[in-house]
Amino acid sequence: VSGGPLRGRLFDGRTTAAVEVQVSVEGGRVRVDLPSGEPRLEAAVDRLRVSDPFASAPRQLTFEDGSVVEVTDGAALTALLSRAGRPPGLVDRLQQRWAGALAALLVAAGLLALGYLQGLPALARAGAAALPRRLERKLGAGVLELLDAHFLEPSTLPEGERDALAARLGEAAARGAPGVEPRIQFRRARTPPGVNAFALPGGDLVLLDELVARTGGDDRLLAVVGHELGHLARRHPTQRLIQAGGLGAAASLIWGDFSMAVANVPAVLALLDYSRDAEREADGDAATFLRALGRDERALFDAFCLLDDAEREARLDGLPSLLSTHPVLEERLESARGGHADWSCPTPDPDEDRAP
Amino acid sequence: VHPTLAPRPLGATRSTTETAVTDPIAPPSGPTAQPAAPLPAEPAPRSLELRFTGSGGEYFRIWIVNLALTIVTLGIYSAWAKVRKARYFSLNTQLDGSAFQYHASPAAILRGRLLVAAYFVAYSLLGRLSITAGLVALGVGGLAMPWLLVQATRFKLTNTSWRNVRFGFDGTAASAYQILLPAIGLWLGMMAFAPRPQPGEQPSLGAFGLFGLLYLVLAVLLPLFHARLTAFRQGSTRLGGLPFAFQRSVGAYYGLYAKVLGLVMAAGLGVALLVAAVAIAGGAGAAGGAPQPPKVMVALFVAAALLFYVLAGAFFFARQQVLVWSRTSAPGVRLGSTMQARRLAWLLLRYGVVTLATAGLAWPWAAVALVRYQLECLRVEVAAGALDRIAAGGGAVETGTTGDGAVDLLGWDLGW
């Protein structure tokens, strides 16, 4: 293939009138001649603006005086320009090849997956770490207000019992998990299962009546509290809320009108659904907590037995398990069992409380 | 109407009219579209071919590389991606053997996008903090809309060329406000009185009634707003010094909306009958008298509703194309569209299913097929030589792009 000439049309930019021309590329210069051979335009290839090298589209050469020469056979012009030292750019070449498209597909899918699995939690961690303690406490207050409005009601435990328990657990926390300083709160769940506890951003630790009743305040309760203290120490509640609801939900719970906060219910419910990793970390913290207090680690295993039991009952009753939290209970039960093959859960009997 | 149905190059071609907007509205002409201004009695008019030379495969490669680069650059590249896509569709659209070209600078588009994104972040944050702050932000955005619309249209047109002559847009923001302020007022009123569930509080009947009333008024006036806006856009467009004109027709728009409303109501009735029939058949089939699980019914209902939605959307879009183009003209140029609702619906359904089945990967093929069909339907008749002597028009090349960014982010397209 010689260096042209290719057929083109010249548009001077003053009118839409077309002038038929011949375009050739020689010695690094583009020449535009009339069919008669009379020269019309000439420029070095690197002094031109050239439109994108699409497969079957024409290409336009824009000269310094504003004239445009449109070459219908864009692919042929691309070949000539490449030989003259003006090849398509990197992105152009990627878009011309299926291999480039495949690579782009893999990169896009990989980065989206990575962003969702790693980037989002990392951002939430950074957001939680950057949030001042004072605002974090306001965030927790907003969450509790919302939970009270929709899912919880005041505790029916005798006030004396609550105070004594709060004092005992606060003291245990000070010894077993120094620096966390939880505020123990008592509530009742409006719908079963109410055998549960959860930590809120800023340090509120909510114990549901049924959990207190079913454990009788024994070491299983300590194990559950140790688990929630682990979440608090690692700021899991704040991270999870930011991850699920975004900064908008957090801002709304901190400063927002209460009425608008209904939109935040999904973000708040996400507080009851931590990742496996977060639960594993908190379980480890619970075991450490029990050891620090000089208690038997088996209490954690027994606490899981109780939760498992409660969830099974709720399922049998066909009740919505809104507050049922830990989807991977089986796995965690096995993990808490450790090497103790002889440990096993008691056969379910709701009327009988197990001694620690 | 699917935004992507309007390719950039078309946005450019479609143009047109005089300064109809400030005039009182013309008396409704019949619902049937009528051809626009007669051609000058010169040599026989010539029918020009609009050709689309792109392919789904090539656009897929461009699209996926654009997507990957946008992700890698955390969105920054999206402005360059947009320009490349616009140039792909422009350069692959040929009128009378010459291609269109898109000239916008990606940096200008990026600036516009950042501004608009900042507004949306502010709006969503304010909206979550208090109703009043959210409404104020919404009001600011709503009031800016006509200005943004004019900016975006001008940006797109002045950055599009054919035969090295730029399109242009002479519409002013003042005219846009004259047309749209009543609609925006009604809409903001609706937002202000929209019922919001408050825990433990009865919704106020008065506010609800007012909301309903405003909604009704807006719905009744919608065809009027649409007709005036189309006349404004088509009639303010020019190619260089060649001004386009639009034969206004509020009546035709009311006719179109009435037909679509009738279609939707018939479809609703059809779906209701279908569901009833299935329920009866199901009840008869379940001999034990046990209630049939509603899952099948729900799936059936959703499928039927989606189908009717696509059909009604295709009908609306196709009829609108015919209406708009048959009423658009320029000295020596007559336009038209032969788009058929049936063919458009079939295209949408076919490519919709394939796109869903491939998790969106087949989207570029769908986009190309829809653009190609739309272009093939366009009719351009010109008096001999009418397109060969168009002088480049005055008017500076547009560089501000906030409007374009807004229109993009909101998923609008100006090419109805």
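In what follows, every chain begins at residue 1, and chains take the letters A, B, ... in the order their sequences are listed.
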Completion exercise
Rounding to 0.5 Å, atoms OG1 (Thr15(A)) and CZ (Arg163(B)) come to a distance of 9.5 Å
Practice task
Determine the interplanar angle of the Phe54(A) and Tyr88(B) rings, folded into 0 to 90°, and report it as parallel if under 30°, tilted if 30 to 60°, perpendicular if over 60°.
Solution key: perpendicular
Fill in the blank from the handout: Applying a strict 4.5 Å limit to non-hydrogen atoms, the region of Arg14(A) in contact with chain B is backbone
Exercise for the section: Sort Arg59(A) into side chain, backbone, both or neither according to what part of it lies under 4.5 angstrom from a heavy atom of chain B. Expected result: neither
Exercise for the section: Mind listing the closest non-hydrogen atom pair of Ala68(B) and Ala104(A) along with its distance? Expected result: CB-O, 3.5 Å
Exercise for the section: For each of Asp92(A), Leu106(A), Val107(A), tally heavy-atom pairs with chain B at distances under 4.5 Å, and name the one with the top tally. Expected result: Asp92(A)
Practice task
Return yes if some donor-acceptor pair links the side-chain N/O of Thr16(A) with the main-chain N/O of Ile390(B) below 3.5 Å, else return no.
Solution key: yes
Exercise for the section: Name the region of Ser67(A), side chain, backbone, both or neither, that has any atom closer than 4.5 Å to a heavy atom of chain B. Expected result: backbone
Exercise for the section: Nearest 0.5 Å please: distance from the CZ atom of Arg61(B) over to the CZ atom of Arg97(A). Expected result: 10.0 Å
Exercise for the section: To the nearest 0.5 angstrom, please state how far the CG atom of Leu69(B) sits from the CG atom of Leu90(A). Expected result: 8.5 Å
Problem - Choice from Asn92(B), Thr53(B), Leu91(B), Ile71(B) maximising heavy atom contacts with chain A below 4.5 Å - result: Leu91(B)
Exercise for the section: Could you look at Tyr59(B) and say if it's the side chain, the backbone, both or neither that has a heavy atom under 4.5 Å from chain A? Expected result: neither
Exercise for the section: Answer yes or no: is there a side-chain heavy-atom contact under 4.5 Å between Ser98(B) and Phe11(A)? Expected result: yes
Handout entry: Student check: side-chain heavy atoms of Asn164(B) and Glu70(A) closer than 4.5 Å
Key = no
Exercise for the section: Measure the CD-OG distance between Gln60(A) and Ser161(B) for me, rounded to the nearest 0.5 Å. Expected result: 6.0 Å
Practice task
Mark yes when over 12 heavy atoms from residues, nucleotides or ligands other than Tyr119(B) sit less than 6.0 Å from its OH; otherwise mark no.
Solution key: yes
Problem - Exceeds 12 heavy-atom contacts within 6.0 angstrom, atom CD of Gln118(A) - result: no
Practice task
Could you tell me whether the side chain of Gln95(A) and the main chain of Val65(B) form a donor-acceptor pair under 3.5 Å?
Solution key: no
Problem - Residue pair Ala101(A) / Phe60(B): nearest heavy atoms and the distance that separates them - result: CB-CE2, 4.2 Å
Completion exercise
In terms of heavy-atom pairs under 4.5 Å with chain A, the winner among Leu387(B), Leu67(B), Thr70(B), Val121(B) is Leu387(B)
Exercise for the section: Can you tell which part of Leu242(B) gets under 4.5 Å to a heavy atom of chain A, answering side chain, backbone, both or neither? Expected result: neither
Completion exercise
Answer key: most heavy-atom pairs under 4.5 Å with chain B among Gly115(A), Ala109(A), Ala108(A) is Ala108(A)
Handout entry: Side-chain touch Arg84(B)/Val91(A), heavy atoms, less than 4.5 angstrom
Key = yes
Exercise for the section: Give a yes or no answer on whether the side chain of Glu58(B) reaches the backbone of Ala55(A) with a donor-acceptor pair at less than 3.5 Å. Expected result: yes
Handout entry: Engaged part of Trp162(B) at the chain A interface, taking heavy atoms whose separation is under 4.5 Å
Key = both
Problem - Heavy-atom pairs under 4.5 Å with chain B, option from Leu111(A), Leu102(A), Asp52(A), Asp12(A) with the top count - result: Asp52(A)
Fill in the blank from the handout: Of Pro58(A), Ala17(A), Ala18(A), the largest count of non-hydrogen pairs under 4.5 angstrom with chain B goes to Pro58(A)
Completion exercise
Looking only at Gly57(B), Gly385(B), Gly54(B), Ala133(B), most heavy-atom pairs under 4.5 Å shared with chain A are made by Gly57(B)
